[in-house]
Amino acid sequence: MRYLPLTADDRAEMMARIGIASVDALFADIPKDKREGELPDLPRAKGELEVERQLARLAAKNVPAGSVPFFVGAGAYRHHVPASVDHLIQRSEFLTSYTPYQPEIAQGTLQYLFEFQTQVAELTGMEVANASMYDGSTAAAEAVLMAHRVTRRRKAVLAGNLHPHYRATIETVSRYADDAVAALAPVPAGGEDLLSAIDESVSCIVVQSPDVFGNLVDLKPIAAKAHAAGALLIAVFTEVVSLGLVEPPGAQGADIVVGEGQSIGNALNFGGPYVGLFATRPKFIRQMPGRLAGETVDAEGRRGFVLTLSTREQHIRREKATSNICTNSGLCALAFTIHMSLLGRTGLTRLARLNHASACDLAERLAAVPGVEVLNATFFNEFTIRVPGKAADVIERLAQKGVLGGVPYSRLAPKAGLDDLILVAATETTTEDDRAAYAAALKEVLA
Amino acid sequence: MRYLPLTADDRAEMMARIGIASVDALFADIPKDKREGELPDLPRAKGELEVERQLARLAAKNVPAGSVPFFVGAGAYRHHVPASVDHLIQRSEFLTSYTPYQPEIAQGTLQYLFEFQTQVAELTGMEVANASMYDGSTAAAEAVLMAHRVTRRRKAVLAGNLHPHYRATIETVSRYADDAVAALAPVPAGGEDLLSAIDESVSCIVVQSPDVFGNLVDLKPIAAKAHAAGALLIAVFTEVVSLGLVEPPGAQGADIVVGEGQSIGNALNFGGPYVGLFATRPKFIRQMPGRLAGETVDAEGRRGFVLTLSTREQHIRREKATSNICTNSGLCALAFTIHMSLLGRTGLTRLARLNHASACDLAERLAAVPGVEVLNATFFNEFTIRVPGKAADVIERLAQKGVLGGVPYSRLAPKAGLDDLILVAATETTTEDDRAAYAAALKEVLA
Amino acid sequence: LEEGLIFEIGRSEVTGVDIPEPPDFRARLGGLERKVAPDLPGLSEPEAMRHYVRLSRMNYGIDSGLFPLGSCTMKHNPRLNEKMARLAGFADIHPLQPVSTVQGALAVMTELSRYLLELTGMAAVALPPKAGAHGELCGMMAIKAAHLAADQGHRHVVVVPESAHGTNPATAASIGYEVRAIPARADGTVDVEAVKAALSPEVAALMLTNPNTCGLFEPDVVKIAAAVHEAGAYFYADGANFNAILGKVRIGDLGVDAMHINLHKTFSTPHGGGGPGAGPVVLSPALAPFAPVPCVVEHGGALTLVEDEGAAGAEAALGRMSAFHGQMGMFVRALAWMLSHGADGMRQASEDAVLSANYVRASLNDLMSVPFPDRPAMHEALFDDTWLAGTGISTLDVAKALIDEGYHPMTVYFPLVVHGAMLIEPTESESKASLDLFIATLRDLALAAKAGDTARFLGAPYYAPRRRLDETRAARAPVLRWLKSAPLGAAAE
Amino acid sequence: LEEGLIFEIGRSEVTGVDIPEPPDFRARLGGLERKVAPDLPGLSEPEAMRHYVRLSRMNYGIDSGLFPLGSCTMKHNPRLNEKMARLAGFADIHPLQPVSTVQGALAVMTELSRYLLELTGMAAVALPPKAGAHGELCGMMAIKAAHLAADQGHRHVVVVPESAHGTNPATAASIGYEVRAIPARADGTVDVEAVKAALSPEVAALMLTNPNTCGLFEPDVVKIAAAVHEAGAYFYADGANFNAILGKVRIGDLGVDAMHINLHKTFSTPHGGGGPGAGPVVLSPALAPFAPVPCVVEHGGALTLVEDEGAAGAEAALGRMSAFHGQMGMFVRALAWMLSHGADGMRQASEDAVLSANYVRASLNDLMSVPFPDRPAMHEALFDDTWLAGTGISTLDVAKALIDEGYHPMTVYFPLVVHGAMLIEPTESESKASLDLFIATLRDLALAAKAGDTARFLGAPYYAPRRRLDETRAARAPVLRWLKSAPLGAAAE
């Protein structure tokens, strides 16, 4: 077996050193009647060629986004990632390294995490960010728990236009922690009344912008109301590229900003692994979950980086930890950092403008299709259309025509009674031909 | 432009240091009337996404070997290369390094070349090998030139069953060096009479085994006759995997062994880059072309490696060099070395057996197709069939059925009058389904 | 080796990505345009390439050398797995595409589940959790959900041995459980009587790592499971040490109700400097109905996703752990590893891992002290610091000295139940020659320590990219981001 | 950093590739089975991965730092190009598949040709040559073929300036030409009068590098070309320094008849530790008919290959340079580079390369001696060793001292016409910050040399994977392969 270096001779010599006659002696503590006699009922070892064939066959049963006109978003976005990013994250020293608990030989990881934290803080308009979370949704759930710790209140208000998966993730965590959640009803065209939901009983209000329908939300009045009530504003985004063009939550008064970072550096991957971004204000650092890289000096006075403030974490505080998070998204954060380093201000701004322009063009084309209504007054690279009939059926029929036309809102929230809405995304990878093909196919489907 | 780090400000500062007002001042030595005013008539710079789209469109117009039943060989073979090989050769320190003229910071390259040389020598049954040539055909041409230098004669005899491209390559080099070449006529079923072509005027005889038709050739009597005549035997192979199963030329008395190493570690690449293997006897080392890595010690007595015997080479001897070769196939040699290190004796033997078994099975299946004759009594993983009618037409019609069925010999040698022969190869990547599909398609085509 | 930060190298007017400016740009942002573009430096591609290559060279990975981290299973990461995960059919598909266009992806999830269930003998597997700790959370939520469904909501205590991973008590606490610790026996295993004593009608679950964090298989695990079940509680197993028992024993046969599986440990998906991981949870028949959404079900030959809590097939679901369906990229890698090994290779891998750990222990036990010598080790060899008594050298110093010898240190000071613990896990992917060199190095260090060569230890590492770093300073005035002017530390207090 | 050889690490019974044994194996080898299986060590995959990663870490590449090798153009190697070359549609196609199944590949060759012709103003391009020297051979063969076709077979002399690359005389000699050297002028350029004096009815060609190896553009190149043509000879240009003039001047407009183009220099295909390269040759109208086979021709909308000498379209072909059609993998990479830069980016690249070289020269000329200060440098800055006079330090010592500063040395002792030459080519892919650091390092070294800090130079490098290596020993008793017992050296003599 190609991954196992020991030979039969090696094993015999090793057993001799240990003083056993059979490797089974090492498993003597397993109750005899529980030991497996037969091998598990699974196929035997396969060569690389065979494994590759088997998995390639499965891969071929999927329709890759790049092979069709593609408009699916709703929390994960197809962007072009430079080849250099994927090359670099596969460097052995990054890919096969461990959590940087031994900083002397992990400066590579620690320095890029420090760069990552700075980039995230700058993007979100906040002062500090952590070294990543699992993804946007779990970051949002952690933010709510953090808000409870900070405010010593235990009730979160969720905007109705929060991504339903994010809402469900927060509700699940809250339910098992016996915390309260008040989730508002969705308002697809935007203009939700969030202010009236905030009062002194509330620890935080969670608001997504652009929201799940694509509408931009002015966070400033919400922040003001929340702060007046002693609550925190948790701002959520699912498309980090929007921050190249849209006023960041930090500039609008958010206390915690969380979001999905997949768009930068990371592939769609059918939903994971992704990278959660988490930023906050300096005064809340010690209530923040997740790892943090910090600057310091070594014994010779040279600048270096370490994981710091680990007293917050589970391996020190155990049951008093800020979170149980341990492994995070190191390599996805690296991909994010490299891609963002390549973009810089200039590239990110252009990327955001191109995304927005692509979506604006698409919105115009789709609005021109008879029977289709674009709901949004504002949006970044994703918007919502209302179609006659069931959105899910329309999407299925578009798929049959080779167009992946977006996400029926009903798939995310089957009980919301909003069965005629499609979330439609366009990015820099969407060509004019793609957009024209979508409009044409939609016209046919609705005819 | 993403590859150009200088900004307009940088350029201005640099020009100030130099003391010029415009970069055009640096091009003052170009006659004014010859300088290009307009930009070249080529498209402007493109982003990575755009370049990727454009090249992917072209790639999609080709039929990859892996997508169809595939039996094309004749000097280049489709094998499975472990993913680790391609990963490793892309390490920055290998990929972006230079010829190891500064050995202190090129030990990585030098050591793998030393490993490569040892592997090639061991495989071919020779004592020494160089650090690679461009490919098998140019290695063969260099071998002939070397034989001329060693024997001080200037006439080479080429076996009729030498790959026609190899023959043409040798003939071209010889023609311009005013050397003589006697090329025999092909004998597709093997059993060529080579002995009678050897006499005292001949510097070398060039014999391929397995030959272009797939036949194995017993080199021992040829070596004996050549040596008796004061000539050298140059043994050629185009499928290095055969050396896992077939008696190596070194054990049969060859003086120089050259061949194509593409099969190990390297993709088909539409014909290049490949890696030429070149091995010989110790007494001929100083007449050998190409780079050589040798072992030595550093100033602290530690083992290390350097390029050596460079007095043979063009940058020292200039017009007296053994060859004008400078750049070789470093990275392809690395791929070869890594793949061969993974295989080892055990893996190579198994690989060779599986190739042979695959070809044997295919030969049986094709021989059973009405009208088809398998010419070979012996072969490794490639053999020749005779078909009714023109081989080129049969191959074209097979291609229309989605089977790439081999190479019409007439494509390699249109004037040989052998228009009904197809060279057919099978490797470990050929499945039983592939072989069955070929037989079925051939039956249909010939029906 | 020094390398500046991107904020020192890059410039905001430079970019390494060429993106065209859209023609006739008109914003539909409703006045919410960003007023100040983010102050992010850009690097041209050559600069970026060099910067990150140089950073990587300050790191140590499995490919650099032996990585003996106990409880973390740093094994060989096959590049085949990376290649497979990057097939467009896996990497370039969206979680919310129509299920008819992702049948191959759902088949990967189904196949991975089949393998995990067969290896564990359990009834169901929940794929969504994103890492080991997230899997723990999921498993404990399933237990809580089961208790709630059975009107056992009053059970508010979780029993956890002192030797547990820190995530265990953290997880239990995070969903409102009170943690009750039980001590280990002198032989490093859990006392079934101590478990019984800790059990009561208030107890919701026992959380146990087996093989345990001392590197031993709990010989009384079946009795412990029985006691737990008798008390109406569930048995949660931490799967961090699953690598020792693949194909040797099925945890379902031992009475486990839930266990998370770190795909990035046992199944070789790369640690990547701290993630991403993946933490599927296997569940017993009692807990199976409480698995979270989404899950894959077969329906008339086609695979489909149950994505909504309360939908048919997910009536009792504990809820949703995160957006989308889990760490698909990791699923592909883990499945590639399993297919490559097969049933025979997986058992062999565990046997080799255990053999190697015992070989290391047997080769060092004359120089280094073994706290629990009476039982065979599983895939980890545990030492304490008794052998360092009087030398003035600590466990940490030994770890740092190991860096100078070209190794990543072992896990130190864990498990907490052993003083100055050193936990060594060589894994199955080391050759005997590699083990022998590592053993020789440790023997040399041990002899040097006993011979009083303290400088070699106290100042170590000398030959790493950095000497020891001032962690106190980092924590006292945290500098968590680059700033043009003053460090953030001052403000952060 | 020490790493054994695979022959010391591996074992012949180990393999890192799992290959099934064929059932019912029967050989059809006619008694020519291998009697002794090759004594090749095998490595398991984890061992192989670690071995080659460790070897790589003893290397220096462009991604490690500035690589100022004159005449070698070590520029940034974009990873996009690697990705494109690996598309199955390029990497997994066979050179002898039916041409109907490789239309995209032929289109790449056609497109690459179009770019090369437009950039050079030439009539034809031969893609087959596998490297620069091979391209030289091809170009000189075309010249010989043209002379033979015109009954000028008596022309047996090739004129080559002293400053030429070593491959130039080696190439000319290898096809039977006598080499006649001409000296350079005091200002580093070729004297048109010296050329005229060397020309005669015996002369077949002049071989000239322009920009020349002293880093200067030959100002009299047009006159030289005219003189060569008037003498009935052809003008061969060495394309090693093409990077200086992309989009600035077309060599066809200067009177060049043939020039090879190193795709691995100007067009960024990786050097890969010494290859593979690719050396297409552009040809003037006079030489175009003599291009080798194969070539791509368009025929009724479809592309096809002319593979046989003497076939229609290749009647006058000089023959075949090698099997198949050239370095396709390199063609894709070079084309990707060209498409990425575009006409504007390529000209900018050359301007930046030239600007950077002059910036380096202007920043060092007060400390280091510039042999030809009166003309602008092109993309290389040339220094001689006058500035080292009396220090006891040689050019080689400076090169080795540069290694300790973290740089690959510049080209040294070339061109031969300058004493102790140091030829620095920064290329366009270095940032100004990177150039400034390099300049500061060289200034520091120059000051140290002049201050008499000889130890820093004579013993250098101190901080590389190896100190200076004993090249004499290596050449005297060559050990060219690993052997279990005695070294081969003895036998080799």
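All values reported here derive from a predicted model rather than from experimental measurement. Lettering of chains follows the sequences in order, A, B, ..., and the numbering in each one begins at 1.
Using a 4.5 Å heavy-atom cutoff, the side chains of His51(C) and Gln111(A) are in contact. Within the 4.5 Å cutoff, the side chain of Leu243(A) has no heavy atoms near those of the Pro38(C) side chain. Here the side chains of Arg11(A) and Val23(A) are not in contact, with every heavy-atom distance at 4.5 Å or above. Using a 4.5 Å heavy-atom threshold, the side chains of Cys332(A) and Tyr134(A) count as separate. Using a 4.5 Å heavy-atom cutoff, the side chains of Pro43(A) and Tyr115(C) are in contact. With contacts defined as side-chain heavy-atom distances shorter than 4.5 Å, the pair Leu335(C)/Met84(C) does not qualify.
Looking at Pro292(C), there are no atoms closer than 4.5 Å to chain A (heavy atoms on both sides), in backbone or side chain. In this structure, chain C has heavy atoms under 4.5 Å from both the backbone and the side chain of Thr109(A). When heavy atoms are compared at a cutoff of 4.5 Å, Leu88(A) approaches chain C solely by way of its side chain, counted from C-beta outward. Of the atoms belonging to Phe305(A), heavy atoms from both backbone and side chain fall under 4.5 Å from chain C. Contacts of Glu307(C) with chain A are made by side-chain atoms alone, with heavy-atom separations under 4.5 Å and no backbone atom involved. Looking at Ala293(A), only its backbone comes within 4.5 Å of chain C, counting heavy atoms on both sides. Proximity to chain A (any heavy atom under 4.5 Å) is shown, for Leu216(C), by neither the backbone nor the side chain. Contact of Pro82(A) with chain C is made through the side chain alone, with heavy-atom distances under 4.5 Å. For a residue to count as touching a neighbouring chain, one of its non-hydrogen atoms must lie under 4.5 Å from one of that chain's; by this rule Asn77(C) touches chain A with the side chain only. At a 4.5 Å heavy-atom cutoff, the contact between Arg86(C) and chain A is made by side-chain atoms alone. Of the atoms belonging to Glu52(A), heavy atoms from both backbone and side chain fall under 4.5 Å from chain C. With a 4.5 angstrom heavy-atom cutoff, Tyr166(A) touches chain C only via side-chain atoms. With a threshold of 4.5 angstrom between heavy atoms, Ala377(A) approaches chain C through N, CA, C or O but not through any side-chain atom. When heavy atoms are compared at a cutoff of 4.5 Å, Arg347(C) approaches chain A solely by way of its side chain, counted from C-beta outward. Contact of Met14(A) with chain C is made through backbone and side chain together, with heavy-atom distances under 4.5 Å. Contact of Val354(C) with chain A is made through backbone and side chain together, with heavy-atom distances under 4.5 Å. If you measure heavy-atom distances from Ala27(C) to chain A, the contacts under 4.5 Å come from both the backbone and the side chain. With a 4.5 angstrom heavy-atom cutoff, Met74(C) touches chain A only via side-chain atoms. Of the two parts of Leu55(A), the backbone and the side chain both hold a non-hydrogen atom closer than 4.5 Å to a non-hydrogen atom of chain C. When heavy atoms are compared at a cutoff of 4.5 Å, Arg44(A) approaches chain C by way of both its backbone and its side chain. For His264(C), the part lying near chain A is the side chain, with the backbone staying farther off; criterion is any non-hydrogen pair under 4.5 Å. At a 4.5 Å heavy-atom cutoff, the contact between Ile403(C) and chain A is made by side-chain atoms alone. For Leu145(A), no part sits under 4.5 Å from any heavy atom of chain C, backbone or side chain. With a 4.5 Å cut-off on non-hydrogen atoms, Gln90(A) touches chain C through its backbone and its side chain both. For His94(C), the parts lying under 4.5 angstrom from a heavy atom of chain A are both the backbone and the side chain. Leu292(A) touches chain C through its side chain: at least one heavy atom from C-beta onward sits under 4.5 Å away, while N, CA, C and O do not.
Interface remark: of the candidates Arg250(C), Met346(C), Met330(C), Arg250(C) forms the most heavy-atom pairs closer than 4.5 Å to chain A. No other option in Gly176(C), Ala343(C), Gly326(C) has as many heavy-atom pairs under 4.5 Å with chain A as Ala343(C). Counting heavy-atom pairs closer than 4.5 Å to chain A, the top-ranked of the candidates Pro22(C), Gly274(C), Gly247(C), Gly132(C) is Gly274(C). For the set Pro20(C), Ala105(C), Gly459(C), Gly345(C), the entry with the most heavy-atom pairs within less than 4.5 Å of chain A is Ala105(C). Interface remark: of the candidates Ser429(C), Ala133(C), Ala362(C), Gly319(C), Ala133(C) forms the most heavy-atom pairs closer than 4.5 Å to chain A. Chosen from Thr169(A), Leu331(A), Asn62(A), the residue pairing most often with chain C at heavy-atom distances under 4.5 Å is Asn62(A). Most heavy-atom pairs under 4.5 Å with chain A, from the set Ala323(C), Pro219(C), Ala172(C): that is Ala323(C).
Because its NZ or CZ atom is both nearer than 6.0 Å to the ring centre of Phe27(A) and within 45° of the ring axis, Lys248(C) counts as a cation-pi partner of that residue.
Side-chain contact of Glu428(C) with His341(C): a donor-acceptor pair under 3.5 Å is absent, judged by distance alone. In this model, a donor atom of one side chain and an acceptor atom of the other lie less than 3.5 Å apart for Asp135(A) and Thr138(A). There is no side-chain donor-acceptor pair under 3.5 Å between Asp344(C) and Gln348(C). Using a 3.5 Å distance cut-off with no hydrogens or angles, the side chains of Arg320(C) and His165(A) do pair a donor with an acceptor. Looking only at atom types and distance, the side chain of Tyr52(C) has a donor-acceptor partner in the side chain of Ser341(A) under 3.5 Å away. Side-chain polar atoms of Thr296(A) and Asp470(C) form no donor-acceptor pair below 3.5 angstrom. A side-chain N or O of Ser340(C) and one of Arg2(A) form a donor-acceptor pair less than 3.5 Å apart.
Judged by distance alone, with hydrogens and angles left aside, the side-chain atoms of Arg78(A) form no donor-acceptor pair with the main-chain N or O of Phe70(A) at under 3.5 Å. A donor-acceptor pair under 3.5 Å is absent between the side-chain atoms of Gln117(A) and the main chain of Arg481(C), judged by distance alone.
Note on ring orientation: taking the six-membered ring where Trp is involved, the planes of Phe94(A) and Tyr112(A) are perpendicular (angle over 60°, cut-offs 30° and 60°).
Residues Arg353(A) and Glu21(C) are paired through a salt bridge, judged by an N-O separation under 4.0 Å between the basic side chain and the carboxylate.
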